[in-house]
Amino acid sequence: QVQLVESGGGLVQAGGSLILSCAASRRTFLTDTMGWFRQAPGKEREFVAAINWSGDSTYYADSVKGRFTVSRDNNKNTVYLQMNSLKPEDTALYYCAGSRSGFTPPTMAFAVKYDYWGQGTQVTVSS
């Protein structure tokens with residue numbers, strides 16, 4: 001069982017930036033597609049971004065395209081989410097997740113495609 005630990009969340013002003021990290025406990029993560037999701041209070045969990053096992057293919061939700069960048073460092077068993085030009089509507093609990101299925105956008109936007117999840121890190125953007 002792969003365990004995921006997210007970090008890097010916090011409070012930031014609108015227009016600011018944050019980098020989230022997601023550390024995996026096992027190197028079997030290396031062959032998995034990784035995704036980021038978020039959930040705001042009172043709302044359903046929504047897809048943010050996904051990246052294939054090698055890091056050379058990515059997929060983004062329209063709401064973050066051009067502002068967020070997903071990447072991974074397989075030598076460090078870590079996935080990142082660089083978030084720029086943050087908006088108050090980006091406020092949410094951010095989760096990373098791993099999928100043992102191949103990278104098949106747009107299906108990677110569905111939470112059921114993922115096999116294991118982290119506990120989340122809170123991002124709050126003030127106006």
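- Among residue pairs with one or both ends in residues 55-94, those qualifying as ring-ring contact (aromatic ring centres under 6.0 Å, His included) are Phe47-Tyr59; sequence neighbours excluded.
- With sequence neighbours excluded, the residues forming a side-chain hydrogen bond (donor to acceptor under 3.5 Å, both in side chains) with Asn77 are Arg27, listed by chain and number.
- With sequence neighbours excluded, no residue forms a salt bridge (Lys or Arg N to Asp or Glu O under 4.0 Å) with Asp56.
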Checklist line | Step-by-step side-chain hydrogen bond (donor to acceptor under 3.5 Å, both in side chains) determination, Thr33 to Asn52 | finding: CA-CA 5 Å; Thr33 295; Asn52 74 332; over 6 Å; no
Got a list of side-chain donor-acceptor pairs under 3.5 Å for residues 113-120, not counting sequence neighbours?
{"unit_1": "Tyr114", "atom_1": "OH", "unit_2": "Met108", "atom_2": "O", "d": "2.7"}
{"unit_1": "Asp115", "atom_1": "OD2", "unit_2": "Arg100", "atom_2": "N", "d": "2.7"}
{"unit_1": "Tyr116", "atom_1": "OH", "unit_2": "Asp32", "atom_2": "OD2", "d": "2.4"}

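- Of the options Glu89, Lys87, Arg38, a side-chain contact (heavy atoms from CB on, under 4.5 Å) to Ser63 is made by Arg38 and by none of the others.
- Residues Leu20 and Met83 are in side-chain contact: their nearest non-hydrogen atoms beyond the backbone lie under 4.5 Å apart.
- Side-chain contact between Phe103 and Ile51 is absent, with no heavy atoms from C-beta onward closer than 4.5 Å.
- Residues forming a side-chain hydrogen bond (donor to acceptor under 3.5 Å, both in side chains) with Thr104 (at least two apart in sequence, or on another chain): Thr107.
- Take Gln122 and apply the side-chain contact (heavy atoms from CB on, under 4.5 Å) test, not counting sequence neighbours, and it matches Thr91, Leu93, Thr124.
- Atom CD of Gln3 sits in a sparse spot, with 12 or fewer heavy atoms from other residues, nucleotides or ligands closer than 6.0 Å.
- There is no side-chain donor-acceptor pair under 3.5 Å between Asp73 and Thr78.
- Between the side chain of Gln13 and the main chain of Val125, no donor-acceptor pair closer than 3.5 Å is present.
- At a threshold of 4.5 Å between non-hydrogen side-chain atoms, the residues Val123 and Leu18 count as touching.
- A salt bridge is defined here as a Lys NZ or Arg NE, NH1 or NH2 lying under 4.0 Å from an Asp or Glu carboxylate O, and Asp62 with Lys65 meets this definition.
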